Structures are given as structure tokens and as C-alpha cells.
There are 2 protein chains.
Amino acid sequence: MTVAPKISYLDIKEIVLKRIKNFTWAPGSIMPGEIELATEFGCARATVNRAMRELAEDGYIDRKRKAGTRIKSFPTRKAKFVIPIIRDEIELTGATYRYALINREFRDPPDWLRTQMTIPQNTPVLHLMCLHYADSKAFQYEDRWINLNAAPKAVDQDFEEMGPNEWLIKQVPFSDAEITFSTINADTQVADLLNVTVGTALVTLERITWFTNAPITYTKLYFHAGYQMTSRL
Amino acid sequence: MTVAPKISYLDIKEIVLKRIKNFTWAPGSIMPGEIELATEFGCARATVNRAMRELAEDGYIDRKRKAGTRIKSFPTRKAKFVIPIIRDEIELTGATYRYALINREFRDPPDWLRTQMTIPQNTPVLHLMCLHYADSKAFQYEDRWINLNAAPKAVDQDFEEMGPNEWLIKQVPFSDAEITFSTINADTQVADLLNVTVGTALVTLERITWFTNAPITYTKLYFHAGYQMTSRL
DNA sequence: TGCCTTATTATGTATAGACATAAAATCCAT
DNA sequence: ATGGATTTTATGTCTATACATAATAAGGCA
């Protein structure tokens with residue numbers, strides 16, 4: 001006799017997802033409860049629960065106590081982009097990573113920066129301009145501002161060898177951040193640095209980083225022409 | 001006597017995360033095992049397990065059987081963007097959504113599309129050009145291609161009232177997709193449609209959608225100037 | 001009819017115990 | 001030493017049971 005191998009929560013996810021895609025259970029309708037499914041699959045309710053919990057997380061179903069589980073009519077798809085360490089991103093393509101500091105300046109924060117970071121007028125900041133190369137090609141221009149009240153050790157760093165991101169991550173590896181993707185037409189400065197013609201459309205990524213509610217740093221990254229981000233969902 | 005309220009897996013997540021951010025456990029080091037933590041918190045191993053599983057999912061720790069759980073030196077941050085239904089995205093801003101079909105044409109697929117969608121040469125496709133308005137302002141231009149072998153019912157749709165995305169989602173609400181964010185300089189056609197000057201940098205989103213491994217549709221969305229996506233991580 | 005209280009119920013979480021599994025650590029024979 | 005087989009161990013998963021909780025449904029009263 002062959003023994004039926006025990007069903008896993010992954011199997012259940014797969015089966016249920018198939019039924020959803022099948023329209024076995026129509027979009028918008030209530031699907032069977034956990035106990036019913038557990039009986040059908042011959043497993044414990046906890047196993048079904050885990051499968052359903054993950055399907056809800058993936059945006060396929062809505063769950064509510066007492067009301068039951070409902071197939072979403074319009075599944076909420078979430079594109080997840082892993083924000084890579086730039087060195088890794090470049091080395092993954094087989095290219096050699098190189099970093100260069102272009103400028104380093106202590107100064108008062110400009111108004112737009114104070115608004116972005118919500119820091120008071122007298123906050124001392126360090127402004128860095130950096131370039132990241134893939135082989136000999138400019139891959140990304142980094143416009144970096146560091147709040148020196150929040151990260152006073154940055155004063156003693158010359159940032160000649162190590163990029164500010166790598167340095168900051170060593171100081172505070174775990175922090176909160178808000179990132180914004182957008183696009184701009186390259187101005188003369190950026191065009192020159194990234195070796196493109198003025199006006200070229202470039203992907204930009206802005207990031208504000210906090211550590212325990214104190215704004216530490218603001219960055220604007222300008223990617224090389226043709227940069228794109230892909231995600232499966 | 002006050003009874004200590006039972007600890008939840010969420011409490012554990014919080015406590016452990018605090019210790020990680022604290023450097024109580026150094027980045028790169030091994031942290032205590034599940035049994036040890038369960039003892040410390042006075043709860044079952046399963047409870048600790050769930051907390052740790054989610055922290056791993058969130059990119060803070062790495063877990064390996066036998067080897068134990070290690071604090072990541074470089075946490076992998078994932079930016080999650082919810083891909084909204086355009087009608088919802090526009091109506092959420094308080095504006096009125098309006099859709100307009102610009103052109104509809106049956107034709108053979110151009111070479112670049114066949115490459116993108118991996119469909120054979122003789123596949124009949126429907127090419128649609130659509131505009132999505134927020135109030136009277138052009139919000140997004142949609143360049144849509146539908147594989148008529150995969151979605152034959154599209155032949156009978158005039159797409160005058162309902163946009164192709166809404167229609168397709170009703171046909172197959174749950175499908176797989178690959179999306180790519182990028183940027184382009186507006187050409188004369190797009191500039192005209194979105195009412196910007198030629199060369200303006202625009203955010204674009206390309207999406208290929210499959211249903212049970214059959215490529216259904218390819219879209220390229222051109223957003224209005226100044227469009228940006230923000231995510232917290 | 002309408003409002004408030006109470007019961008019901010599906011999901012949410014916790015637990016102790018068990019077995020599975022991947023991978024490191026050890027041991028052994030060559 | 002070196003390669004291969006074996007043991008050990010931390011995480012991965014499943015089960016049966018229990019209680020918690022949110023939200024709907026039902027009941028009762030004015």
C-alpha cells in the first residue's frame with residue numbers, strides 16, 4: 001500500500017490558489033472556512049490557517065473574523081523591489097565596482113533640505129557628491145546630505161575610500177526610511193557626471209533615513225541612462 | 001496580584017527588533033536559539049518561531065537549519081509598491097476619473113512585441129491606445145497590446161467605455177505579471193497626448209501578463225510629468 | 001420599526017508535543 | 001591529512017486543543 005504523504009501548508013496554498021484562478025470560487029464570493037478545508041485536506045486547522053494567512057498577505061483574499069474569507073475581485077498586487085547595496089548590484093553584473101568622492105563640504109542646510117528632513121535651521125550638515133562606477137562607466141551619481149547632529153562621527157570621515165552609504169550602514173545598520181522613485185531631465189551638472197546629453201531622462205531615487213525618529217540623512221540618487229527596475233508579481 | 005498578560009508573537013518581534021537595533025546582538029553575529037528565547041519569554045517555541053520567521057521575511061535576520069539565526073550585517077530592504085487600479089488612484093486624489101480610447105487596430109505583432117511577449121509571428125493582436133484623465137488633465141497614456149489567441153473575446157469589445165485593464169481583469173482577475181519601471185524622454189506623439197514638451201522625462205511602467213503560462217497582454221504606461229512613487233521601508 | 005443587548009461564529013493566537021530536514025560537527029577508515 | 005559516513009542540532013512543520021476577539025446575527029424591549 002502506498003501511504004499518502006502528509007499535505008503541507010504549501011500544498012494547500014497551491015491548491016487554493018489554483019481554485020481561485022480557476023474560478024472554482026468566484027471573485028467576490030466567500031470561500032469555505034478553515035475547518036471545512038481542514039476536513040477536506042485531512043489536516044489540522046492550523047495548517048490551513050497558515051496557508052490562508054499567507055494568501056491574504058499575497059493579496060489574493062480578504063479575511064475577517066466571523067465574516068469569513070472572501071476572494072478579492074481586484075487582487076492587490078504588490079511589486080517588491082529589493083533595494084540593493086550598490087556595490088552588490090554592480091558586481092552582480094560581473095563589472096568592477098569603483099567609488100569616487102567628487103566634493104565634500106560642511107554647510108548650513110538649504111531650505112528645501114530642511115523641509116525634506118524636518119531639521120531646524122542651525123543644524124550643521126555635511127554635503128557629499130559621489131560617483132559610483134561599473135568598470136569605467138559612471139553608474140550612479142549620489143547627492144548625499146548628512147545631519148551632523150544625528151551622526152557627529154561623520155565629521156571625522158573623509159569619505160575618500162568608503163561611500164557614505166556603506167559608512168552609515170556600519171554606524172546604524174537598521175533604520176527606517178522613506179524612498180521615492182521619480183524621473184528628471186539631466187541638468188548640465190548631472191549630464192556631465194553621468195556622461196549623457198543634457199535633458200536625458202534619468203531614474204532618480206530619493207531616500208530619507210531616520211534612526212529612532214531622528215532624521216539622519218537625505219540622498220538623491222541619479223541612475224545612468226537606461227536604468228530600469230523589474231519585479232515579478 | 002497582577003497577572004502578567006501573556007506575551008504575543010508581536011511583542012517578541014518588537015523586543016527582538018529593539019535588541020537588533022540596539023546592537024544588543026551585533027550585526028553578523030548569531031543570536032540565541034528559539035528554545036532559549038522561548039524560555040526567556042516564558043512562551044512556547046512556536047510563538048518565538050513565528051516572530052522570527054516574520055523578522056526573517058522582513059529582511060532583518062538570516063535563518064538556517066542547524067546553523068542558527070544570524071543578524072544581517074546589511075539588512076535587505078524591500079520597497080513594496082502597491083500597483084493600484086488607475087481609477088482608484090485618481091479618485092483617491094479627489095479628482096474625477098475619465099477614460100478615452102484614442103485608437104483601436106487589429107494587426108500582426110511587430111517584432112519587438114513578439115520578442116517581449118514570446119508569441120509566434122502569425123499571432124493576431126489588438127493594439128489599443130488609451131488615455132486616462134484626472135479631471136480634465138491627462139494622467140496616463142496607455143499603450144496596450146492584447147494577444148487575441150489568448151483572449152479571443154477581446155475581438156468583440158470596442159473598448160469605448162471600459163478600459164482594457166478593467167475588462168481584462170474581469171476576464172482573468174488572477175494572473176502572473178512582470179513589471180518594469182523605467183523612464184523615457186517624451187517623443188512627439190506622447191508629448192502631444194500628455195500635454196508636455198517633447199523630451200520631458202516621464203515615468204514608464206511596462207507590464208507583461210500571463211495566464212497559465214500563456215502571454216495575454218503587454219502594456220506600456222506613460223505617466224504624466226512629475227509622477228512619483230513613494231514607499232516606506 | 002428601531003435601538004440595544006446578547007449569542008454565535010470564523011478567524012487569530014498560544015501551547016505542548018512530535019517528527020522532518022538541512023547542515024554543521026564529529027568520527028573513522030584509508 | 002583526506003574523504004566519506006554518521007551523529008548532532010537548530011530550524012521547519014504538523015497536530016490537537018484551548019481560549020481570545022471581532023463582527024455579524026439574533027433576540028428582546030420600548
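Below, chains carry the letters A, B, ... as their sequence lines are ordered, and counting in each starts from 1. Bear in mind the structure is a predicted one, so any value in this text is a computation, not a measurement.
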Residues passing the side-chain contact (heavy atoms from CB on, under 4.5 Å) test with B:Ala154, sequence neighbours excluded, are B:Leu126, B:Ile146, B:Leu148, B:Phe159, B:Trp167
When rounded to whole Å, the NZ to P distance for the pair A:Lys13 and D:dT13 reads 11 Å
Residue set satisfying ring-ring contact (aromatic ring centres under 6.0 Å, His included) with B:Tyr99, at least two apart, ordered chain then number -> B:His132
When rounded to whole Å, the CG to P distance for the pair B:Leu10 and D:dA20 reads 18 Å
Outermost contacting nts on DNA chain C, any atom under 4.0 Å from chain A heavy atoms, listed 5' then 3', are C:dT8 to C:dT13
How about B:Lys18: does its NZ atom have over 12 heavy atoms from other parts shown lying under 6.0 Å from it? no
Sorted by chain and residue number, the side-chain contact (heavy atoms from CB on, under 4.5 Å) partners of B:Thr230 (sequence neighbours excluded) come out as A:Glu178, A:Thr180, B:Gln228
Residue set satisfying side-chain contact (heavy atoms from CB on, under 4.5 Å) with B:Asp158, at least two apart, ordered chain then number -> B:Glu160
For B:Tyr9, the ring-ring contact (aromatic ring centres under 6.0 Å, His included) test, sequence neighbours excluded, returns none
side-chain contact (heavy atoms from CB on, under 4.5 Å) filter on B:Glu36, not counting sequence neighbours, yields B:Pro32
Sorted by chain and number, sequence neighbours left out, ring-ring contact (aromatic ring centres under 6.0 Å, His included) with B:Phe223 holds for B:Tyr227
Whole-Å distance, B:Arg53 CZ to D:dC14 C1', equals 12 Å
Residues in residues 63-74 of chain B with a heavy atom under 4.0 Å of DNA chain C, by number, are B:Lys64, B:Arg65, B:Lys66
Taken in chain and number order and not counting sequence neighbours, the residues that satisfy salt bridge (charged side-chain N to carboxylate O under 4.0 Å, His left out) with B:Arg144 are B:Glu142
Note: contacts of residues 25-50 of chain B with DNA chain C (heavy atom, under 4.0 Å) are B:Cys43, B:Ala44, B:Arg45, B:Ala46, B:Thr47, B:Arg50
Residue pairs meeting ring pair (Phe, Tyr, Trp, His ring centres under 6.0 Å), one or both in residues 39-65 of chain B, sequence neighbours left out, come to A:Phe174-B:Tyr60
